[in-house]
Amino acid sequence: MASYEKNSAYNILSVSHAIDLLEQFLGNMDELGLADLSRSLQLPQTRVSRLLSTLRSRNFIEQDPVTEKYRLGFKTFELSKAAIRQLSTLDISRSIMESLVRECNETACMSFLKDSCIVNLGVVESKHPLRVMPRIGSQLPAYCTAGGKSQIAFFEEETLRRYVLDCQFQQYTPYTITDRQQLETHLRKIAHKGYAVQLDELEIGLRSVGAPIRDNTSRIVGAITLLGPSLRFSDGRIASELVPLVTRGAADISARLGYLQAS
């Protein structure tokens with residue numbers, strides 16, 4: 001089945017240069033001067049200076065007021081913490097995902113929310129010849145995926161309304177929800193039930209069931225999803241088998257992350 005990943009045919013040069021600049025700090029030097037960076041990047045100092053100014057404005061780079069040299073800013077630390085947290089969540093999720101796949105023989109996927117999309121972080125595939133094969137790192141719209149809906153449904157009131165208001169809808173199939181009021185009502189029902197179901201909303205013939213993963217602070221840090229072809233994801237099987245499996249899997253992962261569910 002389709003992977004739903006759109007490949008870009010080009011790179012943005014300024015973004016590439018900014019990343020190259022940040023990577024200069026991966027060596028043993030904690031601080032680097034403008035001339036050092038210009039030489040290692042093989043770029044004019046004026047261009048490097050503009051890159052540094054932009055990165056400083058977003059706290060990716062700091063400048064020592066005495067030496068006037070540059071070092072990594074606090075935002076890079078925050079990103080590294082997020083990356084470590086996501087990898088830790090994936091490590092914890094892996095065995096539970098494998099267990100779910102053994103029980104239902106459908107593909108399991110762990111994803112996290114990034115802006116208005118979900119990003120696939122880990123996948124355990126079904127053994128069926130006809131199966132869904134999500135790509136690691138692929139991004140999908142949150143409003144028409146079970147993994148996405150099971151996360152945005154639990155936004156705070158104002159955040160949820162802002163998400164719905166700003167959502168850039170695309171009609172992927174006749175079943176894709178593109179009405180803002182309908183989506184908001186749909187998401188509130190998901191929050192009440194504790195799980196999300198996606199029925200041919202992203203692609204005809206694809207269905208999924210998802211539930212949110214919480215950490216020790218009760219914050220939602222991802223979702224676990226079971227995906228498969230519609231011919232095997234009947235309404236009856238979803239209700240009787242797949243929903244209990246995915247909610248149990250999400251609860252087990254959350255418990256391992258330290259989440260204490262209120263009794």
Side-chain angles (χ1 to χ4, degrees), residues 1-8 86 89-114 116-153 169-178 183 186 189-190 193-213 222-253:
M1 299 187 74
S3 64
Y4 317 112
E5 185 174 30
K6 295 182 179 179
N7 295 320
S8 174
Q86 290 161 11
T89 303
L90 177 60
D91 288 343
I92 292 170
S93 305
R94 174 66 60 176
S95 63
I96 294 174
M97 291 167 62
E98 290 172 347
S99 176
L100 293 178
V101 173
R102 282 195 298 271
E103 290 192 55
C104 67
N105 199 17
E106 301 295 352
T107 296
C109 180
M110 188 264 171
S111 61
F112 68 95
L113 197 63
K114 184 178 183 295
S116 60
C117 295
I118 58 165
V119 180
N120 293 329
L121 189 61
V123 175
V124 178
E125 290 184 17
S126 159
K127 295 187 182 299
H128 280 294
L130 178 62
R131 62 185 184 273
V132 180
M133 296 181 288
R135 291 188 183 179
I136 303 297
S138 63
Q139 298 188 32
L140 304 173
Y143 66 91
C144 56
T145 55
K149 292 192 292 184
S150 64
Q151 295 179 73
I152 60 178
F169 292 107
Q170 182 174 337
Q171 188 82 52
Y172 292 97
T173 77
Y175 305 103
T176 309
I177 298 175
T178 57
L183 178 61
H186 180 64
K189 290 180 179 178
I190 290 171
K193 294 185 296 184
Y195 63 88
V197 175
Q198 178 278 124
L199 303 175
D200 303 280
E201 297 163 43
L202 184 62
E203 180 176 312
I204 295 295
L206 169 69
R207 293 186 170 188
S208 56
V209 185
I213 299 169
I224 193 79
T225 309
L226 292 172
L227 312 93
S230 299
L231 60 89
R232 292 202 302 270
F233 274 54
S234 65
D235 293 346
R237 188 187 180 209
I238 287 173
S240 65
E241 179 187 358
L242 301 178
V243 166
L245 276 178
V246 81
T247 53
R248 188 193 74 201
D252 288 347
I253 296 169

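Below, all heavy atoms of this structure are taken into account, side chains as well, without hydrogens, waters or symmetry copies.
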In Å and rounded to the nearest 0.5 Å, what is the [atom1] to [atom2] distance from [X] to [Y]?
X: Thr173; Y: Leu206; atom1: OG1; atom2: CG; result: 10.0 Å
X: Arg135; Y: Leu140; atom1: CZ; atom2: CG; result: 11.5 Å
X: Ile96; Y: Ile253; atom1: CD1; atom2: CD1; result: 4.5 Å

| said: Could you go through Gln170 and Cys144, starting from their C-alpha distance and side-chain angles, then the distance that decides it, and tell me whether this counts as side-chain contact (heavy atoms from CB on, under 4.5 Å)? | reply: CA-CA 9 Å; Gln170 182 174 337; Cys144 56; over 6 Å; no

### Task
Kindly determine whether Leu130 and Leu231 satisfy side-chain contact (heavy atoms from CB on, under 4.5 Å), including the steps that lead there.
CA-CA 10 Å; Leu130 178 62; Leu231 60 89; 4.0 Å; yes

Beyond-backbone contact of Val209 with Ser150, side-chain heavy atoms, under 4.5 angstrom: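 Result no, sub-4.5 Å side-chain heavy-atom pair not found.
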
Shortest non-hydrogen contact between [X] and [Y], atoms and distance:
X: Ala250; Y: Pro212; answer: CB-O, 3.4 Å
X: Ile224; Y: Val246; answer: O-CG2, 3.3 Å
X: Tyr175; Y: Glu201; answer: O-CG, 3.4 Å
X: Ile118; Y: Gly148; answer: CG2-CA, 3.3 Å
X: Ala223; Y: Ile213; answer: C-CD1, 3.8 Å
X: Ala146; Y: Ala196; answer: O-CB, 3.6 Å

Under the rule for side-chain hydrogen bond (donor to acceptor under 3.5 Å, both in side chains), what residues qualify as partners of [X], not counting sequence neighbours?
X: Ser99; result: none
X: Gln171; result: Thr178
X: Ser126; result: Asn105
X: Ser208; result: Gln198

Counterpart residues, side-chain contact (heavy atoms from CB on, under 4.5 Å), relative to [X] (two or more places apart):
X: Ala153; result: Leu187, Ile190, Ala191
X: Arg237; result: Cys104, Glu106, Arg232, Phe233, Ser234, Glu241, Leu242
X: Lys114; result: Phe112, Val119
X: Val101; result: Ala108, Val124

The residue among Leu227, Leu226, Val132 that forms side chain to side chain contact (heavy atoms under 4.5 Å, CB included) with Cys109 is Leu227

Could you go step by step and tell me if Leu199 and Ile238 meet the side-chain contact (heavy atoms from CB on, under 4.5 Å) rule?
CA-CA 10 Å; Leu199 303 175; Ile238 287 173; 3.8 Å; yes

Please enumerate all residues that pass salt bridge (Lys or Arg N to Asp or Glu O under 4.0 Å) together with Asp200, with sequence neighbours excluded.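 Applying salt bridge (Lys or Arg N to Asp or Glu O under 4.0 Å) to Asp200 gives Arg207.
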
List for me each residue that meets salt bridge (Lys or Arg N to Asp or Glu O under 4.0 Å) alongside Glu125, sequence neighbours excluded, and say none if there are none.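 Once residues adjacent in sequence are excluded, the partners of Glu125 under the salt bridge (Lys or Arg N to Asp or Glu O under 4.0 Å) criterion are Arg131.
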
Notebook entry, point to check: Quick one: ring pair (Phe, Tyr, Trp, His ring centres under 6.0 Å) partners of Phe169, sequence neighbours excluded?
Noted result: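 Applying ring pair (Phe, Tyr, Trp, His ring centres under 6.0 Å) to Phe169 gives Tyr143.
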
*asked:* Suppose the criterion is side chain to side chain donor-acceptor pair (under 3.5 Å): which pairs have a residue in residues 244-253, not counting sequence neighbours?
replied: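 The answer is Glu103-Arg248.
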
